[in-house]
Amino acid sequence: MPKLSRSLPNPQAVTYRIHINIAVRDLILCPIPCLYLVASGGVRNDSSEEEQIIRQPVTAFTFSDEEEDTKRIVRSAKEKRYEEITNLIKQIRNFKKNKDMSSLLSSFEDLMRAYTKALPVISKEENGLTPRFYLRCLVEVEDFVNEVWEDRDGRKNMSKNNSKSLTSLRQKMRKYIKDFEEEMTKFRSSPDQGDDEEEEEKDQDSDSDDDEDSHPVVTKKPSVEPAPEPKQKKAAAADDDEDDGSDSSYWGSDSDSSSSSSDDETQYQNVRERFLKKPGADKDDKKEAKESTKDSKRRGHKKKPEREESSDGEGEWETVKGGVAMPSEKPKMFAKDAEINIDLVVKKLNEIVAARGKKRTDRREQIELLHELLIVSEQHNLGSAVSIKIKFAIVSSIFDYNPKVSDAMKPEYWAKLLEQIIDMLDRLNAAKDVVINETILEDHEVYDAAPYQLRGCVLTIVERLDEEFIKLLKECDPHSNEYVERLKDETRVCSIIDKVQEYLERQSENDAELCRIYMRKIEHLYYKFDPQVLQQKQGQVASDVVTSVQVMDKLCKFVYDKDQTDRLRTRAILSHVYHHALHDNWFQARDLILMSHLQETIQHSDPPTQILYNRTMAHLGLCAFRHSNIKDAHNCLVDLMMTGKMKELLAQGLLPTRQNDRTKEQEKVEKQRQMPFHMHINLELLECVYMVSAMLIEIPYMAEHEFDARRRMISKTFYQQLRSSERQSLLGPPESMREHVVAASKAMRNGNWLACRNFIVNEKMNAKVWDLFYQADDVRTMLTRLIREEALRTYLFTYSHVYDSISMASLAETFELDPSVVHSIISKMIINEELMASLDDPTHTVVMHRSEPSRLQSLALQLTDKVNSLVDYNERVFETKQGFFNRGGNQGNFRDRQNYDRRGQDWGRQRRERGERAY
C-alpha cells in the first residue's frame, strides 16, 4: 500500500487510512456522492439499517502543493460532443459574416463529421430527434447560401476560390439537408422557440434515474446539506473499496452518517467546494453567461425561464449547465417594484434608441422592445406625447431594418411601415397640442404639460417613405401582378402626404417645409391624366368642380412664391408645364416654358431635374402635335431624337455599353435614377410623332429645293431612314413603324396623298401608335387634313414647271379639300415667294410664271459648275507637281509666286465675268 501524503495523528482512525489519490479519484468520478461518502464515513447498508458503527471525529486534511495545482474537469460524452458541435457552429457564423466561402466549406464539412460522431449520444439523449441548435445552424447556412447564390453581382466580385467553394458548398448543402427536411420545415414554422424547450418537455417524461445521468448538476440554493446519494453510485463506491482490499466492516453504517455532528459538515465543506468549483470560476461563469446571452439574442429567440419553485417550499432550484449558471430568463424592461412614469419610460426609450446603428444590435429585437415599451406607456396612460415619440422611434427602427440603403425593403416590413406611419400621423393630427420639430433639442422636450414639444422631423419620414416606394416599384417586374399590388399602395402613400400636409399647414411656421411637402404631392400628381379637365372644357362637367389642373396651379404658385432654392422652383415649373401639356393646354404650357428660360440654364441642373426637363419637352411635343403645330412638335422632339439615346435621356432604361463605356458604379447610379414603369412615355409613340412631323416638313422642302445644291437637312434622323431605304434593291410591303413612314414619304413626294394617308393611318399603325392618344379619332382626322395640305404643296413644287395654269377647283377635287383652303395655301406660297405664279380670280386658276429654269436646264447648270471646279483643281495640282515653287533661287521663287497669284486672279475675274458660281 503506498505511503500517505500526510499521516493522521489519531491511531484509532484505522478506517481512514486510505491513500489520498484514491479519494481524489472517487471524487472526480462522482463528485457529490463521494463527498457524501467522505462526510458520512460509511456506506448505507439497506439490509442492516439498525446496525451502527461508532466513529470518532476525524480531523480535516489538506492537499499538497502539487495536487492543488492540478485542475480537472469532469465532462460527460454529451458535453464533449455538443461542445465540439457548438464551437464549429460559432466558426461557421463568423465565416458567414466575413463571407469566407472556402473556410465556411471546410467548417461545414467538419460539422457534418462531428454530428455523425455524436449520433449515438444524440439518439440516446434526444430520443432520436435532431437538436434545435443544430437545425438552426442548418437553416441559417441554407438561407445564407441561397442569398449569396441569388446575388449575381456579388458572385461576380468574388474571388475564384470563394466562387468555387460556394458552388461546392451549395451542392453539399442540398444533398445533406435531405435527411432533415421535415424537421427543418417544423423549425421554420416556429423559429423563435427556445433551443432548450424540447429538452425540458422530454425531461418531464423521462425516469428519475435517467434524469440523474443525463441532466445537468442541480444544486439547492438555501440548503447547505449535501445532495442524497444515488444507489448506483453507492454500489459502485462499495465495489471500489472492496477491490482495494479494505474490509467493509471498517465503514460505518448509515445511522452514523445521520447522527454525525455539524463539525463533520464544516470539516468537509472545504473539500466539497474545492472540487465543485475551481479557482476563478466566478469570472468564467459571468463571462460564459454573457456570451450565452448574446448568442440567444443574436439568434432572435427568447429563452424560457428555467427557474421553478421547489416543491418542498424551501426555496427555488437553479439548473446549472457544465458548472456555469446560465441566464434564466430575458431581462425585464422594468423592475417589479419600479414606478412607471414618463421619466422612466423616456429613459428606457433613449437606452433602446442608443443601440441603433451599432454593430451587434439585433434590429428585430429592438423593434420588439419598442413595441413592448409602447404597450407599457399606453397601459399607464402616460400621454399622447410619449406614445408619438415611441411611434417615431418604431418607424425609424423599421427603416433601419433594411441593411442596404440602395436595395428595397422586404414587402412585409413595407406593410408594417405603412401601418405605423399612418397610426403615428393619426395620433399626431388628433393631438392638436403636440409639436414635432427638428429644431427642438432633446433636453428641451416636454412630455408632461401642453403644448408638448418633441424632437423629430415628420417630413423626413415622408420623403424616405416615398423613396422606398419608388425602390419597391423598381424592384418588381413591371409586367407581373406583383407590380400592380405594389402600385395600389400609392393611394396610401398619397394619403400619408396629405396628412403631413395638413399637420404642417396647421403649424404654418416654416415655408420651406411646406414647399417640400407640396413638391412631394406635385410629383405624385403631375404625370396623371384627369379626364374631368377635358370634360370641363367641353361643358360636360360643372365649372365649380375642382380638377387636378386647379390643384397643380395652387401648389405650384405657392412654390414659385415661397421657395428659396432654385431647384424646387425649377421642378415645380417643369411639372406644371408637363401637366398642362398632358391636358392639351398648349398655349399655357408654351408660355410658361418660354417665360422661365429653362432651356438656357437646364444644363447646370442636377440629373433628376434634367430628366424631368426631357420628359416635359417630350409631352410638350405631343401636345403641339395634337394641336397641329407640326413645327413646334418637331422642335420639341428633335433634341431627344438626334442623340439616339432617347431611352437614357428619359430614364426608361440603359442602352448596352460598348467597350466598357460605363463602370459598375456608374451603371448602379443610373439604374437608381430610372423612372418607375407606370411613369414611362411610349418611345414608339414619340418616335412616330417625330418622324411624321419631319415628313410633313421635310418632303415639301425637298420638293421646293430639289435642284438646290446647298439644300440643308432639317431632320438628320429622317434623312438617314430615307437613305437606307433608297439603298435597298428590293422593297416589300412596310412592316415596322419606320417603314410605314418612309413609304408614306415616297407617296407624298409623288403627290399621292391617298397612298400616304393609308400608310400612316391603318389598323397596324392605329394599334401601335394612334390609339394611345386620349381622343384618337380627332388625332387621325387632324393628321389626314395635314397630309392633304402638305401633299398639295409638294405637288405644286414638283409639277409647277409642267403647267401653264392650274384650276383650283380641280386641285380641291384631287386632294379633297375645300376651295377656300386651296386658295389660302396657294396664296401663302405666292406671298412667301415659294411659288412663281399668280391667281386669276375670274377663272379661279393659278397662272404659272416661267422665270425659273426647267429641270433639264437646272441639271445642266449643276453639271457646268462641277466641271469647272474639277478643271481648276486639276490645273493647280499639275502645277504643284511640276515644281512651280522650286525653280531658280529665292528671287525666282518670289517671281514665280507672283506669277501664280496673278494667274489665280485672272481665273477669278474670268469666272466672275461669266457669272458662274464657285464651289
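Everything numeric here is computed off the predicted structure, so don't read it as measured data.
Taking the six-membered ring where the residue is Trp, the centroids of Tyr526 and His576 are separated by 6.0 Å or more. Ring centroids of Tyr799 and Tyr803 are separated by 6.0 Å or more, keeping the two rings apart. For an aromatic pair to be called close, the ring centres must be under 6.0 Å apart, and Phe587 with His580 fails this. For His619 and Tyr527, the distance between ring centers is not under 6.0 angstrom.
Judged purely by atom type and a 3.5 angstrom limit, Asn750 has no side-chain atom pairing as donor or acceptor with the backbone of Ala747. A distance-only check finds a donor-acceptor pair linking the side chain of Gln652 to the backbone of Ile681 [under 3.5 Å]. Remark: the backbone N or O of Phe625 is not paired with any side-chain donor or acceptor of Asn629 at under 3.5 angstrom. Side chain of Lys474 to main chain of Gln672: a donor-acceptor pair is present (N/O by atom type, distance under 3.5 Å, no hydrogens or angles). In terms of modelled atom types and a separation under 3.5 Å, the side chain of Gln674 and the main chain of Gly653 share a donor-acceptor contact.
Interatomic distance, CD1 of Ile497 versus CG of Leu465, reported as 7.5 Å (0.5 Å rounding). Remark: Cys688 SG to Leu772 CG distance equals 10.0 Å, nearest 0.5 Å. Here the straight-line distance linking atom CD of Glu789 with atom CG of Leu696 works out to 10.0 Å at 0.5 Å rounding.
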Enumerate donor-acceptor pairs with a distance under 3.5 Å from any side-chain N or O in residues 815-828 to protein atoms, sequence neighbours excluded.
unit_1: Glu816; atom_1: OE1; unit_2: Arg788; atom_2: NH2; d: 3.1
unit_1: Ser827; atom_1: OG; unit_2: His823; atom_2: O; d: 2.7

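Tyr690 and Ser715 share a donor-acceptor pair across their side chains, judged by distance under 3.5 Å alone. In summary, the side chains of Trp586 and Asp632 do not present any donor paired with an acceptor at a separation below 3.5 Å, with no hydrogens or angles considered. For the residue pair Ser725/Lys746, the side-chain donor-acceptor check at 3.5 Å is satisfied. A donor-acceptor contact closer than 3.5 angstrom is absent between the side chains of Asp498 and Ser495. A donor-acceptor contact under 3.5 angstrom links the side chains of Asp466 and His524, judged on distance only. Residues Asn585 and Lys537 have side chains that bring a donor and an acceptor to within less than 3.5 angstrom of each other.
Ring geometry for Phe677 versus His479: interplanar angle over 60°, hence perpendicular rather than tilted (30 to 60°). The aromatic rings of Phe529 and His583 sit parallel to each other, their planes meeting at less than 30°, with 60° as the upper class boundary.
Shown here is Gln564, whose CD atom has no more than 12 heavy atoms of other residues, nucleotides or ligands within 6.0 Å.
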Item to complete: Decide ring pair (Phe, Tyr, Trp, His ring centres under 6.0 Å) for His705 and Tyr701; before the verdict, give the C-alpha distance in whole Å, the side-chain angles of both, and the deciding distance to 0.1 Å.
Response: CA-CA 6 Å; His705 301 277; Tyr701 180 80; 4.4 Å; yes
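Contact check on Glu468 versus Lys471 returns a salt bridge, with a Lys/Arg side-chain nitrogen under 4.0 Å from an Asp/Glu carboxylate oxygen. A salt bridge does not link Glu735 with Lys764: none of the charged nitrogens is closer than 4.0 Å to a carboxylate oxygen. Here Glu523 pairs with Arg571 in a salt bridge; the nearest charged N to carboxylate O distance falls below 4.0 Å. Taking the charged nitrogens against the carboxylate oxygens, Glu667 and Lys664 have no contact shorter than 4.0 Å, which rules out a salt bridge. With salt bridges taken as basic N to acidic carboxylate O contacts below 4.0 Å, none links Glu704 and Arg793.
With sequence neighbours left out, Arg673 forms a side-chain contact (heavy atoms from CB on, under 4.5 Å) with Pro607, Ile611, Val669, Glu670.
Within the 4.5 Å cutoff, the side chain of Thr547 has heavy atoms near those of the Gln550 side chain.
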